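Scroll down for the structure; my scribbles are underneath it.
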Amino acid sequence: MSENLNSNNIDSDDFNFINEDSDYRDLIIRLNEIKSTITLLEKKIF
């Protein structure tokens with residue numbers, strides 16, 4: 001159990017969390033761009 005409390009593991013976990021959070025934000029931005037593109041295309045078609 002003491003291995004889990006090693007500061008290197010904590011730093012590594014924090015780094016992974018930051019990367020995952022950034023990936024999540026990038027995904028949301030990309031989905032919003034796709035939604036905007038679909039809306040524009042629908043206006044041109046109809």
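All residue numbers refer to positions in the sequence shown, counting from 1. Quick caveat: nothing in here was measured; it's all calculated off a predicted structure.
- Rounding to the nearest 0.5 Å places CG of Leu41 at 11.5 Å from NZ of Lys43.
- Between Asp26 and Arg30 the shortest side-chain heavy-atom distance does not fall below 4.5 Å.
- In this view, Ile28 and Tyr24, Asn32 satisfy the side-chain contact (heavy atoms from CB on, under 4.5 Å) rule, not counting sequence neighbours.
- Cluster partners of Leu31 are Leu27, counting Ile, Leu, Val, Met, Phe, Trp and Tyr whose side-chain heavy atoms approach within less than 4.5 Å, directly or via other members.
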